[in-house]
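What follows is a short report on a single structure.
Throughout, a chain's letter reflects where its sequence line sits, starting with A, and its residues are numbered from 1.
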Amino acid sequence: MTKQIMLLVNEIEYQVMIDVNDLLIDVIRDKLGLLGTKKGCGSGDCGACTVLVDGKPVTSCLILAISAIGKRIETIEGMGTEKELHPIQQSFIDKGAIQCGYCTPGLLLTAKALLDKNSHPSENEIREAISGNLCRCTGYVKIVDAIVSAGEINAGDET
Amino acid sequence: MRKRFKDYIKPDTLEGVFSSIENAPDESQIIAGGTDLLLERSAKIEKGKKILIDIGGIEDISKITIKDKELAIGAGVKLADIECSKLVREDFPILVQGVKEVGSPQIRNLATIGGNLCNGSPAADTVPALLVLDAIVEIASSQGVRDVPLTEFHMGPSQTILNRNEILTLVKIPEMEKAFSGNYHKLKTREALDLAFVGVAVLLIDHRDTIEARIGLGAVSPIPFRSVEAEKYLNNSQDFSDKSLWHAAEIAANSSSPISDVRCSAEYRHEMVKNMTYQSLRKNLDQLRGALIDD
């Protein structure tokens, strides 16, 4: 059954026709045209499709679009612009935390959710927070460095 | 291919859920977090299920409370919220250990405690911990409410005692007053997103004159279970010598019925139940005794 629903993505209200079976990832990519969210395994194992729902990272391949009605969805397109990168994005570039880039949107959003509630995470807290995001290129060391460094920049902004 | 449904309903009350089920009892499929149900390879959904009833919008089953000396966790509470709950972290750390072993942070932000129980995986990580905590599940339908010990809830892999018109509403855990020490140990190959090869929950409770041992095992039989024989041996003999702990661990291993699969062999699982049960008994006994000396 198709239904017209409203989704709030990156603070923009989208009216969209969906099938009740549609997954959030497919609606974000195919119907809203926001291609920054990547589809990896399709079974919640890789974290490439991570988006924030009400500020919390979730695998968008394991949530129905229709169940996201009324929730605040944030994708990588909402994080920064090409001209003005989010500090975490800049930190990933500065630390060389990006190689092929496929896991990067998911990792950036996971890192943002972590730093939003804890601006000074320990290395353990970072590794635990990103444990659902697979990266097959970097070995995670530079990703962890980038998140530590972004946290320090964040904390600097506050003072 | 993923199972396709023709309709989706999201009631905001339990009454709404019950009347939706009654309209089409054979076609209704309850969905909570959806992390198991929405998997493309999920073949567990019965034929003829056409309507998804989302219970994620019901406030009554989405909170953690203390009531009549019981911790009551709504079936719709997200695993991540249990992890963060001060009530659970302080008084039931073993449950936090079990919860944190499920999936990944992303999955725990979606998945619910009720879903982890109703999905009926033999390797469900929350179950061994809940078993040793003597958890009781509340089951409700339009006809009323019934309480069932968690030990009687699972019938086999993916099978529970829930009738078609019933849903799981609450997980109740009796408050722990005495000194205790417990832990959930999961044998796995990586830190996140892995299924348990073996899961062992051990809880030791100090009753001053005696010690009560509880042992819950996961992933080594068609359903997670309490190793009653091993518990009886320790609790009746009150012999907590090293030799006796090994003997109890062996009884626990013999009470399991593991299978061989792509991840490891039945023999390995059997051996690891013994080793992990011994290790957990040893560790918690030392912790309990250490705490007594500190007193």
Closer than 4.0 angstrom, basic N to acidic O: yes or no for B/E191 and A/R127? no

For [X], does the [atom1] atom sit with more than 12 other heavy atoms under 6.0 Å from it, leaving out its own atoms?
X	atom1	value
A/Q4	CD	yes
A/Q15	CD	yes
A/K95	NZ	no
B/K283	NZ	no
B/K49	NZ	yes

Any chance you could lay out the salt bridge (Lys or Arg N to Asp or Glu O under 4.0 Å) test for B/D7 and A/K3, step after step, and finish with the verdict? CA-CA 10 Å; B/D7 204 359; A/K3 291 189 179 188; 3.4 Å; yes

Structural part of [X] lying under 4.5 Å from a heavy atom of chain B:
X	answer
A/A113	neither
A/D19	side chain
A/S67	both

Starting at [atom1] of [X], measure out to [atom2] of [Y] and round the result to the nearest 0.5 Å.
X	Y	atom1	atom2	value
A/L64	B/L38	CG	CG	4.5 Å
A/D45	B/S104	CG	OG	8.0 Å
B/E83	A/E128	CD	CD	7.0 Å
B/D36	A/S43	CG	OG	11.5 Å

So do the side chains of [X] and [Y] get within less than 4.5 Å of each other, counting heavy atoms only?
X	Y	answer
B/Q106	A/T110	yes
A/V20	B/L52	no
B/P105	A/S131	yes

Count the heavy-atom pairs under 4.5 Å between each of A/G70, A/G106, A/P57 and chain B, then report the option with the highest count.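 Ranked by heavy-atom pairs under 4.5 Å with chain B, first place is A/P57.
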
Looking at B/N109 and A/K56, would you say the former's side chain and the latter's main chain have a donor-acceptor pair under 3.5 Å?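 Between the backbone of A/K56 and the side chain of B/N109 there is no qualifying donor-acceptor contact (under 3.5 Å).
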
